[in-house]
Amino acid sequence: PAVRFGVSANLRVGDRVIAIGNPQGFAGSVSSGIVSALHRAIGLSSYDDLIQMDAAINQGNSGGPLFNCDGEAIGVNQAIYTKNAGGSIGIGFAIPIDDVKNLTDDVLNHGRPRFGWLGAGAQFATPSMARALDAPGRSGALVASLAPGGPAERAGLRVGDLLTRFNDAPLDSVSALNRLVARSAGRNARIAYVRQGVEATSWRSPPSMNPATKSISTAPPASPAAAL
């Protein structure tokens, strides 16, 4: 028998969830709670898009499933926010199952995970930065550097461009850009950006990359968290 995968994109704040794992070596422990927040980035990776829940998880829960009330796996428990290397204080995080399915599909179909590579370093554009770029009220990722000969440079992007959408998805953080680029390996990508107050669109097919040797973009560190 095998568990069924749910759809983590359908989760809502307040939904009940159940975590199973081996906290502190106590095998098969079950705890329950609710989804506290979605789309959390806590600095564990460049791709953070985590489910936050208050179900108690501790050392030993990492890699265990997070279920919804229909018995479907909707996440993989990953980390907790804690103080002084303590235990759970009701702030836990799980990888959405939709992201897990993307990786497992790559492994099954290609023998390894594949990640798109944009070849650009970026930072989140604050409102004051957007105003300075003649893009008041816009949010996105500001191109801070370009890899010579990389996909972004070949697509015509320049340092100082404000990237606002990737394949029609809004860019509200650098981690959002990272995730969207990573999932686009082998597919054409459409990037909307603002340059000197003028909106434009560029097309590019980000090649597959080895995540151990290439960086998609950079992001500032976030709040302290502990991997389990």
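With a 4.5 Å cut-off on side-chain heavy atoms, Val181 and Trp117 do not count as touching. The shortest distance between side-chain heavy atoms of Met129 and Arg131 does not fall below 4.5 Å. Looking at heavy atoms from C-beta onward, Asn167 lies out of side-chain contact with Leu180 at the 4.5 angstrom threshold. Using a 4.5 Å heavy-atom cutoff, the side chains of Met53 and Asn77 are in contact. Within the 4.5 Å cutoff, no side-chain heavy atoms of Val107 are placed close to those of Thr104.
Taking CZ of Phe124 as the reference point, atom OG of Ser139 lies at 5.5 Å (rounded to 0.5 Å). With values rounded to the nearest 0.5 angstrom, Leu171 atom CG is found 12.0 Å from Leu142 atom CG. Note that OG of Ser46 is 5.0 Å distant from CG of Asn178, once rounded to the nearest 0.5 Å. Rounding to the nearest 0.5 angstrom, the gap separating the OG1 atom in Thr201 from the CD1 atom in Ile191 is 9.5 Å. Rounding to the nearest 0.5 angstrom, the gap separating the CZ atom in Arg112 from the CG atom in Leu103 is 12.5 Å. With rounding to the nearest 0.5 Å, the separation of CD1 in Ile95 from OH in Tyr47 is 13.0 Å.
When all heavy atoms of Gly6 and Ile74 are compared, the closest pair comes out as CA-CG2, 4.0 Å. Looking at every heavy atom in both residues, Phe166 comes nearest to Ala189 through CZ-CB, 3.4 Å. Scanning all heavy atoms of the two residues, the minimum distance from Gln123 to Val174 falls at C-CG2, 3.4 Å. Nearest heavy atoms, Ala185 versus Gly116: CB-N, 3.6 Å. Smallest separation of non-hydrogen atoms from Gly160 and Leu133: O-CD2, 3.6 Å. Minimum heavy-atom separation, Val3 to Ala73: CG2-CB, 4.3 Å.
In this structure, the side chain of Asp54 engages the main chain of Ile34 through a donor-acceptor pair within 3.5 Å. When atom types are taken as modelled, the side chain of Asp99 and the backbone of Pro96 share no donor-acceptor pair closer than 3.5 angstrom. With hydrogens and angles disregarded, no donor-acceptor distance shorter than 3.5 Å links the side chain of Lys101 to the backbone of Phe5. For Asn68 (side chain) and Val17 (main-chain N/O), no donor-acceptor pair under 3.5 Å exists by modelled atom type. The backbone N or O of Ala9 lies less than 3.5 Å from a partner atom in the side chain of Asp98, making a donor-acceptor pair. Between the Asp15 side chain and the Arg12 main chain, a donor and an acceptor come within less than 3.5 Å of each other.
Taken together through direct or relayed side-chain contacts under 4.5 Å among Ile, Leu, Val, Met, Phe, Trp and Tyr, Leu11 and Leu66 form part of one hydrophobic cluster. Residues Ile57 and Leu38 are members of one and the same hydrophobic cluster, defined by side-chain heavy-atom contacts under 4.5 angstrom among Ile, Leu, Val, Met, Phe, Trp and Tyr. In terms of hydrophobic clustering, with Ile, Leu, Val, Met, Phe, Trp and Tyr side chains grouped at heavy-atom distances under 4.5 Å, Val76 and Ile18 are assigned to different clusters. Linking ILVMFWY side-chain heavy atoms closer than 4.5 Å, directly or via other members, places Leu50 and Ile91 in a single hydrophobic cluster. Both Leu177 and Leu157 are assigned to one and the same hydrophobic cluster, defined by single-linkage of ILVMFWY side chains at heavy-atom distances under 4.5 Å.
Residue pairs meeting the salt bridge (charged side-chain N to carboxylate O under 4.0 Å, His left out) criterion with at least one member in residues 57-76, sequence neighbours excluded, are Arg4-Glu72. Within the structure, the salt bridge (charged side-chain N to carboxylate O under 4.0 Å, His left out) test picks out the following pairs touching residues 42-51 (sequence neighbours left out): Asp49-Arg179. Residue pairs meeting the salt bridge (charged side-chain N to carboxylate O under 4.0 Å, His left out) criterion with at least one member in residues 156-176, sequence neighbours excluded: Asp161-Arg195, Asp168-Arg190. Residue pairs meeting the salt bridge (charged side-chain N to carboxylate O under 4.0 Å, His left out) criterion with at least one partner in residues 84-94, sequence neighbours excluded, are absent.
Between Tyr81 and Phe93, the distance separating the two ring centers is not shorter than 6.0 angstrom.
Residues satisfying the side-chain contact (heavy atoms from CB on, under 4.5 Å) test with Ala37, not counting sequence neighbours, are Arg40, Gln52.
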Side-chain donor-acceptor pairs of residues 20-32 under 3.5 Å, sequence neighbours excluded:
residue	atom	partner	partner atom	Å
Asn22	OD1	Gly28	N	3.0
Ser29	OG	Phe26	O	2.7
Ser31	OG	Ala56	O	2.7

